[in-house]
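Letters A, B, ... are given to chains in the order of the sequence lines, protein chains preceding strands, and every chain is numbered from 1.
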Amino acid sequence: MLDIKMIRENPQMFVELLSRRGGDFSYIYDMVDKDKRRREIISQVEKIKALRNETSKQIGLLKREKKDASEVMKKVENIGVEIKAFEVELKEIEEYIHYNLLMTPNIPGKETPIGDTEDDNIEIKQEGTIPTYDFEPIPHWDLGTNLDILDFERASKISGSRFTVYKGLGARLERALINFMSDLHAIEHKYTEILPPYIINKDSMIATGQFPKFEDDAFKVLDERDLYLNPTAEVPVINLHRNEIIPVEQLPIRYTAFTTAFRQEAGSAGRDTRGIIRQHQFNKVELIKFTKPENSYKELDLMLKDSEKVLQLLKLPYRVVILCTGDLGFSMRKTYDIEVWLPSFRTYREIGSISNAEDYQARRANIKFKRTKDAKPEFVHTLNGSGLAVGRTVVAIMENYQQKDGTIVIPEVLIPYMKTDIIK
RNA sequence: GGAGGAAUACCCAAGUCCGGCUGAAGGGAUCAGUCUUGAAAACUGACAGGGCGUUUAUAGCGCCGCGGGGGUUCGAAUCCCUCUUCCUCCGCCA
C-alpha cells in the first residue's frame, strides 16, 4: 500500500499518478482530511492517557502505604469514559483510511508508459525467428487431442470447463518443464528453491494485494477459517517474510517456487475457452526477490534475463513488452511481459510477467531491513516474475515444434527430462 | 476427533494462584572495555524492539507494547472472553 505520510505531503501528485491507470481517485483528498482528524484525536487521547497513567500510579503508591486513595480515585473515575468516546471515532477513521489504502493500487513508475490497453504496451525486444511452415499449423488443442496427450472432454466430466487432463507424454512434458525450469533457476541462476503451501490465509492474500479488491478471482475453501487456494506463488513466497526485519546481509533474497495456481478467471468469461491457455488450475515456476530499494531495478532486469533464458534454451521465438499504465497490475510499479509466438494464433501471447512492486507489498506485508544495527528499519522492495507459466510453455512447444505429420519434436534441452525426442 | 499442558525481550527463564515500588528478576549469547604479543578465561559496562503522535530532528517528551483481538478496573504479564500456534497422550491416517 501507499504511505499515508507521503500522500498527505502531496495529495494532488498521487491523484495525478494514480489517474494514469484510469479511474477516479479523488477520494484521496478525503483520506487526507480524515488523516488530519486522526492525528488530532490521537494527540488528545494521549494527553488524557498520560494523566490517567500518572494518577493511577499515585493510587498505587497511596494504597501501598495503606493511605486513603478514594479521593484521587474519584478524580480519575470518568477518564475511561472520555477515552472510550474518542477511541470509537478514532477506530472508525482508521478503518476508513486503512480500507481505502488497501483498495488503492500502486502508483505507476516513471518508466511505465501511459496508456489504456495492451495495445499501448511498448515492445522493447524480439528474439528468435518466427518459424515458417509448408503446411497449415494447427492449434494445440487439436494437436493434443489427435496425439491423445490432452483430454478436454474427460476433464470437464471430472471438474468442469477450464480444466484439462494431461496424458502420457503430455503429462510427462508438463513435468519435464517443471523440472527443467526449476533446475535452471535453482542450480544455474542460484535462486533458493521453495515449495510452499497451496492453501493460504486471508492475511497473506491482503499482504500481496489480491485482497480485498480481487476476492472474486480466488477459490475460497469451504471452511470456517478464511482460506483460499494459491493464485500464484508470489503470494505464499512474499509472505514467507511477512512481519519480519530481514538481516541486511541476506539481501538480495532470491527464491524460485514451483506451484500449482488456481484462479476463478471471473472476468474472462468467453475468452480463451479452447485449449489450455486459460485454466482454473495451472502450473507455474515463479521467481521472487527481496532487495534493497536502490538495487531493485537492476534485479528486475536480471530477473527478466533469467526468465528469458528459459525460452532461449527451448529455442522459442518471443518478444518483451513494457506494460502501460492501463495494463499494469494492481500492486506493481513496472512490469515486463514476455510473450511467446504461437503459430496457430499468428501472434505473441503472454507467457510470463516480471514486475517490481517497490515497497508497495513490503508496506502491506510489513517486510523491512536495517542498514546497520542502529538504523531505522526501511521497507524492502519486492519483485516477482514468471519463470515461466508451464501450461503456456507446453502450448508454445506443441505449436512451434509441430511437424507436418502431426507429431511434435522435443526441444533438445528437454530430451534428458522426456527420455524421448518426439511425441507421436 | 477425545483428554491435558504451554506461549514473557536474540535464546533460556522467574513473575501469573493473592492486579499497583515489574515499562519486566536471573542466566546465556552478543557488543564495548580492562588484562594479554594475540586469543581464551576472569572482571567491568551496555543490551526491547517496533509502531504511532508531537517536532527541522535517527534529539527530547508522550501513547501503545509480556502470542493476536476484545473486556473488567483508577490501574492488568497477572482476572474474564475469544482466536491462533506449539507440546504430550489416545484415536484415525499418507
* Among B/G50, B/C74, B/G62, which nucleotide sits nearest the side chain of A/Ile59? ->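 From the listed options, B/C74 comes nearest.
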
* **Side-chain N,O (A/Asn53) to OP1/OP2 (B/C63) below 4.0 Å** =>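 Answer is yes, contact under 4.0 Å.
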
* Measure the distance from CD1 on A/Ile41 to C1' on B/C64 and round it to the nearest whole Å. =>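 It works out to 17 Å between those atoms.
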
* Whether A/Arg392 side chain and A/Ile351 backbone form a donor-acceptor pair below 3.5 Å ->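 No, because the side chain of A/Arg392 does not come within donor-acceptor range (under 3.5 Å) of the backbone of A/Ile351.
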
* Asked: Say you pick atom C1' in B/C93 and the same atom in B/U8; how far apart are they, in whole Å?
  ->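 To the nearest whole Å, 36 Å.
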
* Pick the nucleotide of RNA chain B nearest each of A/Lys49 and A/Val76; which residue has the one closer to the 5' end? ->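 Mapping each residue to its closest nucleotide by heavy atoms, the 5'-most match is A/Lys49.
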
* **C1' gap between B/G20 and B/G33, integer Å** =>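 Looking at atom C1' only, B/G20 and B/G33 are 39 Å apart.
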
* To do: Mind checking A/Thr55 for me? I need base, sugar-phosphate or nothing, with any heavy atom below 4.0 Å counting as a touch.
  =>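 A/Thr55: no heavy atom of the nucleic acid under 4.0 Å.
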
* Asked: Can you find a side chain N or O atom of A/Arg39 that sits less than 4.0 Å from OP1 or OP2 on B/C52?
  ->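 The answer is no; no side-chain N or O of A/Arg39 sits under 4.0 Å from OP1 or OP2.
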
* **Nucleotide paired to B/A14 in any strand shown, Watson-Crick or G-U, under 3.5 Å** =>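 Pairing partner, where one exists within any strand: none, as none qualifies.
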
* Determine: side-chain N/O of A/Lys376 to OP1/OP2 of B/G51, distance under 4.0 Å, yes or no. =>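 No, A/Lys376 has no side-chain N/O under 4.0 Å of OP1/OP2 on B/G51.
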
* Asked: Taking atom P in both B/G67 and B/C10, what distance in whole Å separates the two?
  ->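 Between the two P atoms, the distance is 13 Å.
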
* Nearest-angstrom distance from the residue atom NZ of A/Lys202 to P of B/U84 ->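 After rounding, the gap between these two atoms is 15 Å.
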
* Does any nucleotide pair with B/C79 by Watson-Crick or G-U wobble geometry, both distances under 3.5 Å, and what is it? ->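 Looking at the geometry, B/C79 pairs with B/G71.
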
* Asked: For A/Lys91, which contact category applies under a 4.0 Å heavy-atom criterion: base, sugar-phosphate, or nothing?
  ->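 Nothing, no nucleic acid heavy atom in range.
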
* Asked: Quantified in whole Å, what is the C1' atom distance between nucleotide B/C83 and nucleotide B/G91?
  ->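 So the two C1' atoms sit 26 Å from each other.
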
* Given atom CD of A/Gln44 and atom P of B/C52, what is their separation to the nearest angstrom? ->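 To the nearest whole Å, that distance equals 21 Å.
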
* To the nearest Å, how far apart are A/Glu54 CD and B/C63 P? ->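 So the CD-P distance, A/Glu54 to B/C63, works out to 9 Å.
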
* **Short N-O contact, A/Arg225 and A/Asp223, less than 4.0 angstrom** =>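 A salt bridge links A/Arg225 with A/Asp223.
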
* Side chain A/Gln402, main chain A/Glu399, donor-acceptor under 3.5 Å ->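 Side chain of A/Gln402 to backbone of A/Glu399: a pair is present.
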
* Partner nucleotide of B/U85 by Watson-Crick or wobble geometry (both distances under 3.5 Å) ->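 Base-paired to B/A6.
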
* Asked: For A/Lys47 and B/C61, is the shortest distance between a side-chain N/O and OP1 or OP2 below 4.0 Å?
  ->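 No.
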
* Parallel under 30°, tilted from 30 to 60°, perpendicular over 60°: which one fits the rings of A/Phe258 and A/Tyr198? ->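 Correct class here is perpendicular.
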
* Asked: So what does A/Lys74 touch, heavy atoms closer than 4.0 Å: a base, only the sugar-phosphate, or nothing?
  ->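 The answer is nothing, as A/Lys74 stays clear of every strand by at least 4.0 Å.
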
* To do: Please determine, for the side chain of A/Ser56, which listed nucleotide (B/G50, B/C74, B/U54) has the closest atom?
  =>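 The answer is B/C74.
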
* To do: Select one nucleotide: of B/G51, B/G53, B/C74, the one nearest the side-chain heavy atoms of A/Pro377.
  =>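 Output: B/G51.
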
* Take atom CZ of A/Arg242 and atom C1' of B/G51, then tell me their distance rounded to the nearest Å. =>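 Taking CZ of A/Arg242 and C1' of B/G51, I get 17 Å after rounding.
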
* To do: Tell which nucleotide pairs with B/A41, taking only Watson-Crick or G-U wobble pairs whose two distances are both under 3.5 angstrom.
  =>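 Answer to the pairing question: none, since B/A41 forms no Watson-Crick or G-U pair.
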
* Spacing of the P atoms in B/C80 and B/U58 (rounded, Å) ->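 Per the computed distance, 42 Å lies between those P atoms.
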
* Asked: Does a salt bridge link A/Glu294 with A/Lys298, judged by any charged N lying under 4.0 Å from a carboxylate O?
  ->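 So A/Glu294 does not pair with A/Lys298 through a salt bridge.
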
* Asked: Taking OP1 and OP2 of B/G62, is either one under 4.0 Å from a side-chain nitrogen or oxygen of A/Arg52?
  ->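 A/Arg52 to B/G62 OP1/OP2: no side-chain N or O under 4.0 Å.
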
* Find the distance A/Asn243:CG to B/U84:P and express it as a whole number of Å. =>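 The distance from CG of A/Asn243 to P of B/U84 comes to 18 Å, rounded to the nearest Å.
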
* **Base-pairing assignment for B/C21 (Watson-Crick or G-U wobble, both under 3.5 Å)** =>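 Across all strands, not a single nucleotide pairs with B/C21.
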
* Please measure how far the C1' atom in B/C87 lies from the corresponding atom in B/A48, and state the result in whole Å. =>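 It works out to 27 Å between them.
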
* A/Lys63, nearest nucleotide to its side chain (from B/G53, B/G50, B/C74) ->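 Nearest listed nucleotide: B/C74.
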
* Checking side-chain hydrogen bond (donor to acceptor under 3.5 Å, both in side chains) for the pair A/Arg254/A/Thr192: CA distance, chi angles, key distance, verdict? -> CA-CA 6 Å; A/Arg254 303 184 178 96; A/Thr192 303; over 6 Å; no

* Considering every strand shown, what is the Watson-Crick or G-U wobble mate of B/C61 when both distances are under 3.5 Å? ->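 Check on B/C61: paired to B/G53, both distances under 3.5 Å.
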
* Asked: From B/C63, B/G53, B/G50, pick the nucleotide closest to the side chain of A/Arg38?
  ->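 Of all the options, the side chain of A/Arg38 is nearest to B/G53.
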
* Decide, yes or no, whether a salt bridge links A/Glu94 with A/Lys91 under the criterion of side-chain N to carboxylate O below 4.0 Å. =>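 Between A/Lys91 and A/Glu94 there is no salt bridge, as every charged N stays at least 4.0 Å from the carboxylate O atoms.
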
* Base, sugar-phosphate alone, or nothing: which one does A/Ile42 contact when heavy atoms must sit under 4.0 Å apart? ->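 It contacts sugar-phosphate atoms only.
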
* NZ/NE/NH1/NH2 to OD/OE distance under 4.0 Å, A/Lys36 and A/Asp33 ->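 No, A/Lys36 and A/Asp33 are not salt-bridged.
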
* To do: Just call it for A/Arg371: base, sugar-phosphate, or nothing, with non-hydrogen atoms closer than 4.0 Å on any strand.
  =>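 Here A/Arg371 touches no strand at all.
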
* Asked: Taking the inter-plane angle between the rings of A/Tyr417 and A/Phe180 on a 0 to 90° scale, is it parallel (under 30°), tilted (30 to 60°) or perpendicular (over 60°)?
  ->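 A/Tyr417 and A/Phe180: perpendicular rings.
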
* Considering only atom C1', compute the distance from B/C64 to B/G68 and round it to an integer number of Å. =>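 B/C64 and B/G68 have their C1' atoms separated by 15 Å.
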
* Nearest-angstrom distance, C1' atom, B/U36 to B/U22 ->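 Taking atom C1' in both B/U36 and B/U22, they lie 41 Å apart.
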
* Separation of A/Asn201 atom CG from B/G68 atom C1', in whole Å? ->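 That distance rounds to 13 Å.
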
* Rounded distance in Å - CD (A/Gln58) to C1' (B/C21) ->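 Computing the A/Gln58:CD to B/C21:C1' distance gives 14 Å.
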
* **A/Asp35 vs A/Val45, nearer the 5' end of RNA chain B by closest nucleotide** =>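 It is A/Asp35, whose closest nucleotide lies nearer the 5' terminus.
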
* Asked: Does any nucleotide pair with B/A46 by Watson-Crick or G-U wobble geometry, both distances under 3.5 Å, and what is it?
  ->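 Matched B/A46 with B/U30 under the 3.5 Å cut-off.
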
* Asked: Looking only at side-chain N and O atoms, does A/Lys84 come under 4.0 Å of OP1 or OP2 in B/U72?
  ->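 True: A/Lys84 side-chain N/O within range (under 4.0 Å) of B/U72 OP1/OP2.
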
